[in-house]
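Here's the structure, in structure tokens; my notes come after.
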Amino acid sequence: MRIAVIGAGYAGLVAAAGLADFGLTVTAADIDVHKIELLQGGKVPLFEPGLEELVRRNLERGRLRFTAAPAAAVRDSSVIFIAVPTGGRPDATLDLSQLWAAADAISGALNDSKVVVIKSTVPVGTARQLEARLNQTLRPPLHCEVVSNPEFLREGSAVEEFFHPNRVVIGTPSSQAAKIMEEIYRPLYLIATPFVFTTWETAELIKLASNGFLALKISFINELANLCDAIGQGADVHVVARALGLDPRIGSKFLHPGPGFGGSCLPKDARALAQIARQQGTELKTVEAALAANAAQHRRVLEKLKAGLGSLEGKTIAILGLSFKAKTDDVRESQPLKICEALLAEGCSLRVFDPAALPTTRPVLTSDRVRYCSDSLEAVEGCDALVVATEWNEFRNLDLAQVKRIMRGAVLVDARNVFDAGRAKNVGFHYYGMGRS
Ligand code: UGA
């Protein structure tokens with residue numbers, strides 16, 4: 001079976017390389033010619049553990065190809081995955097312009113009946129519209145069948161999760177298309193991955209609902225952390241979270257407090273879900289509340305800094321971690337960047353470091369009061385306070401006594417709770433965690 005993947009971003013690239021590793025012949029197409037040239041040379045232009053190795057292995061075995069000309073890839077394939085980005089618009093709707101452009105590119109190249117699979121995150125109703133649009137100009141017996149096959153991969157562990165997903169969701173009214181999808185994902189059947197076969201609309205909703213529910217969990221634990229801070233007296237949100245998580249009805253994952261959820265997916269999808277509900281004349285008040293709580297959460301870091309430093313004006317703050325979470329260079333909707341912007345607005349100077357996200361941050365954080373540093377120790381030099389904003393492992397192992405010596409001040413805001421509070425206090429820090437003191 002030959003497969004084309006339109007869009008070689010995170011989702012498309014992992015899907016293309018992963019499907020090639022299943023033994024299928026895959027061509028990934030992207031309009032970004034420079035990106036395609038890099039990929040043809042085995043270079044992956046994004047930070048994703050294990051992805052470059054996977055791409056190279058399948059390039060070498062001749063099962064994976066890259067092209068900037070999607071038409072030929074579409075013509076040569078019986079199944080076409082669309083994995084283009086669907087960014088959020090200011091009114092919370094998802095921007096489908098790239099998806100419709102991909103659809104038109106597919107339409108223009110159709111020479112046979114095809115299965116077209118939507119991997120991109122889309123509003124409910126998109127698969128139905130896409131099938132109508134693709135078949136508009138086709139003459140029977142030619143026919144395109146559309147499948148909704150949403151993506152649940154997490155940045156930073158996308159490769160691992162591609163081969164060991166929690167579930168695969170396949171939305172289609174066509175039993176023939178469902179069979180083809182089963183065939184594509186056969187290696188996952190062998191490891192007993194649960195498959196959910198359903199309608200287009202349900203599959204599309206499952207994707208948005210997953211991210212919406214994760215948003216609820218994170219905002220819940222963040223608000224609980226704020227409550228622990230208010231209670232004081234040793235109230236510890238991690239002990240609360242652990243005990244909550246021991247109840248299988250609640251589960252232990254995604255109960256880690258922090259400066260709020262960010263990234264290019266979770267906030268955007270939660271907003272889109274709430275917006276779809278409003279559009280349908282109903283409401284998702286829980287999701288709206290999770291979003292409102294999240295919008296305020298990064299300010300907690302500023303409150304803690306103010307508690308330690310008094311006025312922030314003229315202070316120099318070290319920020320360790322800029323990406324929206326560890327193991328990625330992605331700074332889209334990054335809470336650490338929101339903290340940086342808020343601190344700059346308060347009149348602070350910043351010394352920043354991130355193991356992967358300096359190149360992605362430079363174009364967006366351009367103030368001359370930001371100094372980009374090449375490691376953690378350089379960043380903390382002479383600072384009044386330190387904020388750990390992303391949970392990179394290398395920050396966990398910092399020698400806090402040495403950090404304290406290099407800094408001017410002694411305020412440490414551990415926005416991801418990566419340090420042992422007792423140890424930080426022992427070396428002389430005024431330590432502020434999230435929901436534990
Ligand atoms: C998210 C979902 O987890 C994936 O299942 C989904 O496929 C993906 O969006 C998508 O729609 O493409 P991702 O954006 O990679 O994946 O990020 P997450 O790991 O979900 O983290 C999102 C944010 O929540 C990060 O800022 C992270 O720091 C924060 N978070 C996560 C917490 O603050 N606490 C937690 O306990 C977990």
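Just so you know, ligand 1 is whichever comes first in the structure, and atom 1 is the first atom listed for that ligand. In what follows, residues are counted from 1 in the order of the sequence shown.
- A cation-pi arrangement is found for Arg167 relative to Phe152, the charged atom lying closer than 6.0 Å to the ring centre and inside a 45° cone about the ring normal.
- Under the 4.0 Å criterion applied to side-chain N and carboxylate O atoms, Arg371 and Glu381 are not assigned as salt-bridge partners.
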Measure and list all N/O to N/O distances between ligand 1 and the protein that fall under 3.5 angstrom.
| from | atom 1 | to | atom 2 | distance (Å) |
| --- | --- | --- | --- | --- |
| ligand 1 | 5 (O) | Phe152 | O | 2.7 |
| ligand 1 | 7 (O) | Glu151 | O | 3.3 |
| ligand 1 | 7 (O) | Phe152 | O | 3.1 |
| ligand 1 | 7 (O) | Leu153 | N | 3.1 |
| ligand 1 | 7 (O) | Leu153 | O | 2.7 |
| ligand 1 | 11 (O) | Lys207 | NZ | 2.6 |
| ligand 1 | 11 (O) | Asn211 | ND2 | 2.8 |
| ligand 1 | 15 (O) | Glu155 | N | 2.7 |
| ligand 1 | 15 (O) | Lys325 | NZ | 3.0 |
| ligand 1 | 17 (O) | Lys325 | NZ | 3.3 |
| ligand 1 | 19 (O) | Arg154 | NE | 2.8 |
| ligand 1 | 19 (O) | Arg154 | NH2 | 2.9 |
| ligand 1 | 19 (O) | Lys325 | NZ | 2.8 |
| ligand 1 | 26 (O) | Gly262 | N | 2.9 |
| ligand 1 | 26 (O) | Phe324 | O | 2.9 |
| ligand 1 | 28 (O) | Phe324 | O | 3.4 |
| ligand 1 | 28 (O) | Arg416 | NH1 | 2.8 |
| ligand 1 | 34 (N) | His256 | O | 2.8 |
| ligand 1 | 36 (O) | Leu255 | N | 3.4 |
| ligand 1 | 36 (O) | His256 | N | 2.9 |
| ligand 1 | 36 (O) | His256 | O | 3.4 |

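- Relative to the six-membered ring of Phe419, Arg396 misses at least one condition, a distance below 6.0 Å or an angle of at most 45° to the axis.
- Aromatic pair Phe162/Phe22: centroids less than 6.0 angstrom apart.
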Review item, side-chain donor-acceptor pairs of residues 237-244, under 3.5 Å, at least two apart:
| from | atom 1 | to | atom 2 | distance (Å) |
| --- | --- | --- | --- | --- |
| His238 | NE2 | Asn417 | ND2 | 2.8 |

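- Across all their heavy atoms, Ala8 and Leu39 have their closest contact at CB-CD1, 4.0 Å.
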